[in-house]
Amino acid sequence: MTAVPTSVETVGSIAGNSRAIRVASLVAGLAGQFALQPLVPAPASIAAAIALVAVVGSSVNQPLIGARLAQRHWWDWHWRQAVALLLIVVSSTVAVTHLRLEASTAEARTLAVMLLFVQVAHAMACASRREAALGCAVVVAMFSVAAVFSGDVTLLLPIVVGVGAIAVAATLLHRGWLLESADAVAAGSAATIVRSSVGPVATAVGIAVAVFLAMPNSSSLHGRRHASSFGGGTFSHSEERALSGLSSGEVDLRARGPLSNAPALSTPADAPQYWQGAIYDDFDGTTWSAARADYSGLWLISPQQVRAGLPAQVPPEASGMGGVRTDDVTILGSDPLEVVFSPGTPEAYWGDGQVVYDGDATPHLIYPAAHAMGMATYSVSSTLPDASDNELRAASGPDPADPRWTAVSASIAPRVEQLAAQLTKNDDDRFDKVEVIENYLRTNEIYDLNSPEPARGDDAVDDFLFVSHRGFCEQFATAAVVMLRSVGVPARMVTGYAFGDTLTDPGQRIFLGTDAHAWVQVYYPGIGWVDSDPTASGLAAPVPVAMHGSMRQHIVNVLSTFWHRLPGGRIGALLIACMVVLIGAATALGVGSSRPRRRLRRWRGRRAFTDSRRAGPALAGYLRLEAALADDERRREPGETLGEFGRRLGGLVATAGEVGAAMRLVERECYARESRRPSEAESAVAAEVFDRLRAAVGREPVTTAGAAGVAGVASSSNTAEANRSAAPSA
Amino acid sequence: MKLQRLGSRNQLAYVAIVGLFVLAAQTRSVWLQAAACALTGLVAVSWLTVAFDKGCRVGLQHGEFVVGAPAQTCFTVENASSRRSRPLVVRYWVESARPLVPEVAVYVDPIAAGGRAEVRATVEPVARGEGEGRWSVERIGAFGLVTLRHTRTTKEQVAVAPASARPVELPTHGGTAGTHGRVTAGLEVFGAREWRPGDAVRHVHWRSTARSGRLTVLERVEPVPGVLGVLIVGTAGHQQFEELLATAAATVEVATDKGVDCYAWLEQSSGGCVGQLSRGSWLVPFVRAEKAAFPSERGLTHLLAHVGRGGTLLLVAVPDTLPALHAVVADASAAAGVTVVELTDLT
């Protein structure tokens with residue numbers, strides 16, 4: 001079997017196939033770069049995209065050979081291959097020297113940039129199908145890195161586009177191999193193959209979504225290996241458990257990780273939006289820690305007494321002032337709570353477990369050994385400060401004697417204190433100080449769940465305020481507390497749940513794991529601890545969005561909201577996926593009415609008729625003739641059919657039969673099905689007839705271009721006969 | 001019809017799917033599970049596109065296969081269904097003990113509903129012989145992940161003729177009409193020769209006689225070698241033997257065209273027989289000669305009886321075996337009145 005394609009048709013098909021492969025690889029490559037976008041600086045991301053488009057664009061017409069490249073000496077290498085190899089070596093060296101085993105986001109940036117270099121360098125040297133396939137593998141590596149280090153819901157978009165492009169590229173690569181290995185081919189254009197892949201790709205996506213949703217425990221999957229910072233920064237798979245407690249005693253500002261979508265609590269819909277759990281007092285520059293639970297302060301009632309219907313547990317000292325409300329809370333998680341969640345300062349508790357009250361006023365819950373979760377609900381009475389802004393401004397009196405609420409870590413950077421002092425220098429009352437600091441944070445810092453970690457040894461607040469300017473609720477709350485404390489305002493950080501969802505279950509406010517939040521409580525004398533949220537848009541939107549949030553963050557919010565608001569939840573999503581599968585399958589299998597296809601074919605024919613760039617040889621020749629006759633009285637009249645026009649043109653230069661046959665070929669070229677299209681030879685004959693007519697426009701006498709080469713015109717009758725004998729048969 | 005499912009690409013995809021799901025279960029990573037689901041979707045669609053494809057009607061036509069001569073094989077693919085067909089790879093090969101015809105493969109892009117494609121491929125046979133023609137159609141699913149293959153066998157045996165060669169001129173017996181030659185109509189003269197006893201006096205050409213001084217007669221009968229017998233001894237694949245066989249085939253073809261009766265010793269599993277070579281079947285012994293051994297005495301006698309007195313026995317054998325063969329054949333031929341001619345002497 002011969003392996004070298006010799007026919008023109010085969011060579012042309014291979015060339016078109018190679019072009020399509022390069023374009024599909026470009027789309028996949030750009031999708032991979034978009035996936036890595038959160039990890040790389042914006043200039044590098046833009047430069048890589050431009051470089052990739054330029055490299056692929058310049059080589060799009062070069063064929064992808066299938067055979068191994070001939071053995072060359074190293075000095076025979078193409079200059080692009082040499083440059084590509086150099087780039088790969090340099091970027092790999094940089095990546096290896098900078099990466100550490102416990103790679104975090106900062107190091108992931110190096111890996112991502114290296115992948116961009118490798119991708120562009122590889123595209124420069126891509127000359128064979130095998131190398132094109134390797135380019136697709138580089139894209140898969142980019143998706144993998146993005147999933148590990150910056151996996152959020154927006155990663156789905158580039159993955160869907162990239163996998164689709166890779167599937168099309170794989171189809172074309174396989175086709176290219178078949179074209180080269182076959183002895184003869186009957187091949188169409190690669191564009192037809194690409195178009196026919198759209199339906200299968202859409203169907204594959206629908207099937208994939210359906211399989212994914214049908215898999216058990218999909219909701220418990222996590223995107224990245226690092227635990228949520230609310231889990232105390234420890235590496236743990238049981239995020240839900242750590243999350244439901246929110247009180248493991250530590251909040252590490254260096255930890256990153258997504259939160260579970262699992263439901264946690266259900267409260268009345270009219271309950272306040274903020275439900276506090278744990279309170280933190282001590283910040284050492286990177287980590288918040290809480291005082292240990294003090295077992296000597298056990299509340300009075302035991303679980304047995306609670307189940308017996310005895311009165312609620314009452315804390316040793318009531319620390320709240322304001323209105324009191326009692327709420328019934330349903331625990332939606334499978335693990336028992338570690339703290340009592342309440343909308344304000346807890347005053348009484350009815351429920352499972354024993355409340356242990358620590359020095360930070362966090363109501364911990366403890367259970368006897370081998371405890372099985374008994375009650376799935378509890379009731380809590382809370383004191384909520386009820387004071388207007390003016391009352392807060394007018395608040396006066398002694399602050400708490402405990403110095404920890406104004407203590408500032410020794411490691412705090414001086415410029416943080418200077419910033420706080422500068423911001424509040426014109427404000428005398430506490431309320432204005434709080435407001436000016438919070439406004440500053442909302443205006444100058446960006447909300448980013450994927451914010452970079454501070455370098456080891458650096459103060460997290462200093463890094464947030466002066467280096468990265470990016471963070472999420474923990475960073476905002478910590479910065480606010482540190483700055484307030486530095487100007488003498490008692491403040492503390494509180495973690496719990498905020499906002500929730502009141503639409504899925506009317507009458508109830510559902511808190512999911514993703515609703516976990518951190519905010520600030522500021523002490524106002526005579527009023528108590530008042531909630532204050534410095535995180536941008538913290539009170540308005542269900543998901544905090546900074547005023548200067550990135551476009552990617554906005555996409556995250558939209559998709560997250562869409563996911564949570566889907567009617568029917570996962571079942572609805574499954575039904576939608578099934579509909580997509582059915583529609584895609586129908587498209588792929590070509591089921592359906594042929595009327596749209598006929599209309600599309602007619603539309604394409606009309607477009608081909610008016611767009612000379614898409615014309616075949618016969619139509620191109622006709623359009624040239626029409627252009628030549630534009631100012632001639634013999635031009636085609638409006639509404640005149642091609643047949644009528646052809647009968648008028650037939651005569652001296654070309655007979656009526658010849659012109660009529662040529663016009664029919666033009667019609668077949670534009671409107672006929674593929675199997676009825678004229679061959680190249682027929683189209684060439686028709687084009688020759690039109691060119692003859694065009695040559696005759698405006699000239700007398702006419703020289704015919706027949707095989708006999710009759711020159712001159714003696715008389716009309718003789719010429720007609722001469723033309724008939726000289727004209728080649730169509 | 002034999003159905004085969006190609007396994008290499010499919011197996012790799014299946015292994016990857018299972019591996020990804022296992023990894024996803026181990027690490028509880030949503031992205032690994034998503035990747036496994038994506039691959040599942042791709043393989044499922046590939047299966048669906050090829051399972052629901054009704055296939056195309058494939059026709060095959062090829063010209064005469066002659067060793068060393070390019071032969072055109074024409075594949076016609078018709079899509080009679082109402083959907084666009086899948087890409088196809090049609091392969092044709094000849095199955096025999098020795099490779100006769102290289103496998104030819106053609107690729108056909110998807111054909112529109114009701115459409116037809118015709119592909120011509122050129123193949124050059126490498127050895128003569130006979131075999132069973134087979135062809136297969138591979139339908140390629142979406143993304144090339146799944147392929148279905150159907151294999152069919154042609155109804156007739158495929159014969160590859162020996163390479164084209166120049167025929168040799170066999171010694172003629174000549175003579176007047178009615179003996180060994182073909183009497184031509186009209187006044188055609190094929191040559192002049194010396195008068196021999198038995199020639200009619202009226203056939204003497206006196207002018208040539210006067211000119212040459214010897215009695216000369218004009219041959220008005222096309223000299224033919226009489227009945228021709230062919231005895232082939234040799235082993236297929238031996239280059240010299242193949243060349244001799246090609247020459248013998250060309251010679252026999254010319255002889256049969258002239259109407260000469262030809263007989264050949266045909267090797268069979270039951271021992272062999274004498275077969276008459278007609279214009280339609282003169283090629284058979286030359287195609288089937290694989291390992292032609294010396295005929296038995298009885299077989300040789302049978303062949304010589306068919307050739308008859310005055311006929312010619314053409315020996316086709318390599319020079320190494322000729323002495324032994326000639327020793328076997330000479331006495332029998334002389335007794336039968338058959339002239340033995342070694343092909344190596346004529347080439």
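Labels below follow one simple rule: chain letters A, B, ... track the order of the sequence lines, proteins then strands, and each chain is numbered from 1.
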> A:Thr192: what forms a side-chain hydrogen bond (donor to acceptor under 3.5 Å, both in side chains) with it, not counting sequence neighbours?
Replying inline: A:Ser189

>> Taking CD in B:Gln61 as the centre, count heavy atoms belonging to other residues, nucleotides or ligands within less than 6.0 Å. Is the count above 12?
In response: no

> Looking only at heavy atoms, which two atoms of B:Ala142 and A:Pro200 are closest? And how far apart?
Replying inline: CB-CB, 3.9 Å

>> Restricting to non-hydrogen atoms, name the atom on B:Phe143 and the atom on A:Thr171 that form the minimum distance, rounded to 0.1 Å.
In response: CA-OG1, 3.0 Å

> Hey, is CD on B:Gln157 packed in by over 12 heavy atoms from elsewhere, all under 6.0 Å?
Replying inline: yes

> By a 4.5 Å heavy-atom criterion (distance strictly below it), what part of A:Leu172 contacts chain B: side chain, backbone, both, or neither?
Replying inline: neither

>> Counting only non-hydrogen atoms closer than 4.5 Å, does B:Val108 touch chain A with its backbone (N, CA, C, O), its side chain (CB onward), both, or neither?
In response: both

>> Does any backbone or side-chain atom of B:Ala113 lie under 4.5 Å from a heavy atom of chain A? Answer side chain, backbone, both or neither.
In response: backbone

> Should the heavy atoms of other residues, nucleotides or ligands under 6.0 Å from CZ of B:Arg98 be counted, would the total exceed 12?
Replying inline: yes

>> Looking at every non-hydrogen atom in both residues, tell me the closest pair between A:Ile207 and B:Ala44 and how far apart they are.
In response: CD1-CB, 4.0 Å

>> If you count heavy-atom pairs within less than 4.5 Å of chain A, which of B:Arg120, B:Arg84, B:Arg116 leads?
In response: B:Arg84

>> Under 4.5 Å from any heavy atom of chain A, what part of B:Phe21 do you find: side chain, backbone, both or neither?
In response: side chain

> Looking at B:Asp109 and A:Ala187, what are the two nearest heavy atoms and their distance?
Replying inline: OD2-CA, 3.4 Å

> Is there a donor-acceptor pair under 3.5 Å between the side chain of A:Asp183 and the backbone N or O of B:Ala105?
Replying inline: yes

> If you count heavy-atom pairs under 4.5 Å between each of A:Val140, A:Ile193, A:Val160, A:Val163 and chain B, which one has the most?
Replying inline: A:Ile193

>> At a 4.5 Å cut-off on heavy atoms, which part of B:Leu88 comes close to chain A: side chain, backbone, both, or neither?
In response: neither

>> I need the minimum non-hydrogen distance between B:Ala117 and A:Ala186, along with the two atoms involved.
In response: CB-CB, 4.3 Å

